[in-house]
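Before any comments, here is the structure.
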Amino acid sequence: MQFLEISKRYEQNVVFDHFSLDIPAQTILSVVGPSGEGKTTLLQMAAGLLEPDAGIIRKEASEEGSVSYLFQESRLLGSSTVYANVELALRRSHSSETQRRQITLHYLAMVGLSESLTLYPAQLSGGMRQRVAIARAFAHPANLMLLDEPFQSLDIKLKFSLVDAFLRLWEEQPRTTLFVTHDPKEALMLGDAVCCLGDPKKPLWYQQIDIPRNARNITDAKMLAWEATLVRTLVNA
């Protein structure tokens, strides 16, 4: 996906001004930046929910079609079970009930919820509800994934558990992914690259993460140096 010379403003607030960004297909771009600097606008333009005032958004053939959008809130249907919340997302794309069941059970097993199929959202912890949302996002047959702070406001143990569940699913079926977060560590651990917004014309900081995900350690000297640079960029934005 490419954002080519895009511009977007809200009245007097210029969010993007001939801004360009290249996201290779089937990679994860972590997007960070101060509040109000265009992170959600970028996701909405990627999803086709918002048009730029100028410029072009170009997608690869593998990125066209429907989009999976994962939010900070799980947004589950309270009247439906864990199983039904995921299975419902497949009804427009899979006419076979048997196939829907196989896919639903597969993704719920991947996030560790095989024993919770008949429970309702009110019976789940916050972390379990977000696991259902992750399973639903991956079960939905989309080639583009947009994540808007899905691990925010969680304790660190639960956060890394959900990040691990997300990565297991993503590595099974890689999709072009834009991942918005306020957490520098999270951005560095998940992204193939990290982009810091804050200047309408260009990224304040852009860094390819050339360490394989399974070899990343936040205490590694290279990771610590990137984190320090990212934090300094955010503080000075």
Side-chain angles (χ1 to χ4, degrees), residues 1-73 75 133-134 137-138 140 142-153 163 166-167 170 174-209 226 229-231 233-237:
M1 171 179 282
Q2 293 178 303
F3 294 85
L4 299 171
E5 296 286 318
I6 61 167
S7 296
K8 188 67 183 178
R9 67 187 300 155
Y10 300 99
E11 297 180 351
Q12 302 305 311
N13 181 25
V14 178
V15 182
F16 294 111
D17 182 14
H18 296 89
F19 179 93
S20 294
L21 182 65
D22 189 3
I23 307 160
Q26 298 184 337
T27 65
I28 300 174
L29 176 70
S30 295
V31 181
V32 299
S35 297
E37 295 292 346
K39 298 186 297 298
T40 298
T41 297
L42 196 73
L43 291 191
Q44 291 177 340
M45 287 194 292
L49 300 174
L50 194 64
E51 292 291 329
D53 299 331
I56 298 171
I57 299 171
R58 184 176 294 157
K59 295 181 181 180
E60 300 285 344
S62 64
E63 298 164 343
E64 295 288 357
S66 60
V67 175
S68 280
Y69 215 129
L70 185 59
F71 299 91
Q72 182 176 342
E73 310 85 14
R75 303 195 180 190
I134 291 170
F138 274 94
H140 180 58
N143 295 320
L144 179 63
M145 293 201 71
L146 306 173
L147 283 68
D148 198 355
E149 301 186 66
F151 311 124
Q152 190 75 1
S153 304
V163 166
F166 167 78
L167 286 175
W170 189 89
R175 310 173 190 191
T176 304
T177 301
L178 276 70
F179 170 60
V180 167
T181 178
H182 280 292
D183 185 335
K185 285 186 173 64
E186 204 172 76
L188 291 165
M189 292 298 287
L190 264 74
D192 291 290
V194 177
C195 175
C196 182
L197 301 181
D199 182 332
K201 295 182 181 296
K202 63 183 187 303
L204 289 176
W205 188 70
Y206 181 92
Q207 179 63 54
Q208 292 280 351
I209 309 301
W226 282 333
T229 301
L230 179 53
V231 169
T233 303
L234 288 166
V235 168
N236 293 327

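Hydrogens, waters and symmetry mates are skipped; everything else that's a heavy atom, side chains included, is used. Count residues from 1 along the sequence.
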Without placing hydrogens or testing angles, list every side-chain donor-acceptor pair under 3.5 Å for residues 184-205, not counting sequence neighbours.
unit_1: Lys185; atom_1: NZ; unit_2: Glu227; atom_2: OE2; d: 2.7
unit_1: Glu186; atom_1: OE1; unit_2: Thr181; atom_2: OG1; d: 2.6
unit_1: Asp192; atom_1: OD1; unit_2: Arg213; atom_2: NH2; d: 3.1
unit_1: Asp192; atom_1: OD2; unit_2: Ile28; atom_2: N; d: 2.7
unit_1: Asp192; atom_1: OD2; unit_2: Arg213; atom_2: NH2; d: 2.7
unit_1: Asp199; atom_1: OD1; unit_2: Lys201; atom_2: N; d: 2.9
unit_1: Asp199; atom_1: OD2; unit_2: Lys202; atom_2: NZ; d: 3.3
unit_1: Lys201; atom_1: NZ; unit_2: Asp17; atom_2: OD2; d: 2.7

Ile134 side chain near Phe151 side chain, heavy-atom distance below 4.5 Å: yes
Pairwise side-chain contact, Leu43 with Val31, heavy-atom cut-off 4.5 Å (strictly under): no
Quick one: [atom1] on [X] to [atom2] on [Y], what's the gap to the nearest 0.5 Å?
X: Ile23; Y: Leu144; atom1: CD1; atom2: CG; result: 8.5 Å
X: Phe138; Y: Leu70; atom1: CZ; atom2: CG; result: 8.5 Å
X: Leu4; Y: Asp22; atom1: CG; atom2: CG; result: 8.0 Å
X: Ile209; Y: Trp226; atom1: CD1; atom2: CH2; result: 4.5 Å

Partners of [X] by side-chain contact (heavy atoms from CB on, under 4.5 Å), sequence neighbours excluded?
X: His182; answer: Ser35, Lys39, Glu149, Gln152
X: Gln26; answer: Pro174
X: Pro34; answer: Glu37, Leu234, Ala237

Aromatic plane relationship, Phe166 with Phe179 - under 30° parallel, 30 to 60° tilted, over 60° perpendicular: parallel
Side chain to side chain donor-acceptor pair (under 3.5 Å) involving Thr41 - partner list, sequence neighbours excluded: Tyr10
Partner residues of Glu73 under the side chain to side chain donor-acceptor pair (under 3.5 Å) criterion, sequence neighbours left out: Arg75
ring-ring contact (aromatic ring centres under 6.0 Å, His included) pairs, two or more places apart, involving residues 32-73: Tyr69-Phe71
Partner set under salt bridge (charged side-chain N to carboxylate O under 4.0 Å, His left out) for Asp183, not counting sequence neighbours: Lys159
Name every donor-acceptor pair, under 3.5 Å, that has one atom in a side chain of residues 48-68 and the other anywhere in the protein, sequence neighbours excluded.
unit_1: Asp53; atom_1: OD1; unit_2: Lys8; atom_2: NZ; d: 3.4
unit_1: Asp53; atom_1: OD2; unit_2: Arg9; atom_2: N; d: 2.9
unit_1: Lys59; atom_1: NZ; unit_2: Ala46; atom_2: O; d: 3.1
unit_1: Glu63; atom_1: OE1; unit_2: Met1; atom_2: N; d: 3.1
unit_1: Glu63; atom_1: OE1; unit_2: Glu60; atom_2: N; d: 2.9
unit_1: Glu63; atom_1: OE2; unit_2: Met1; atom_2: N; d: 3.1
unit_1: Glu63; atom_1: OE2; unit_2: Thr176; atom_2: OG1; d: 2.7
unit_1: Ser66; atom_1: OG; unit_2: Pro141; atom_2: O; d: 3.1
unit_1: Ser68; atom_1: OG; unit_2: Ala137; atom_2: O; d: 2.6

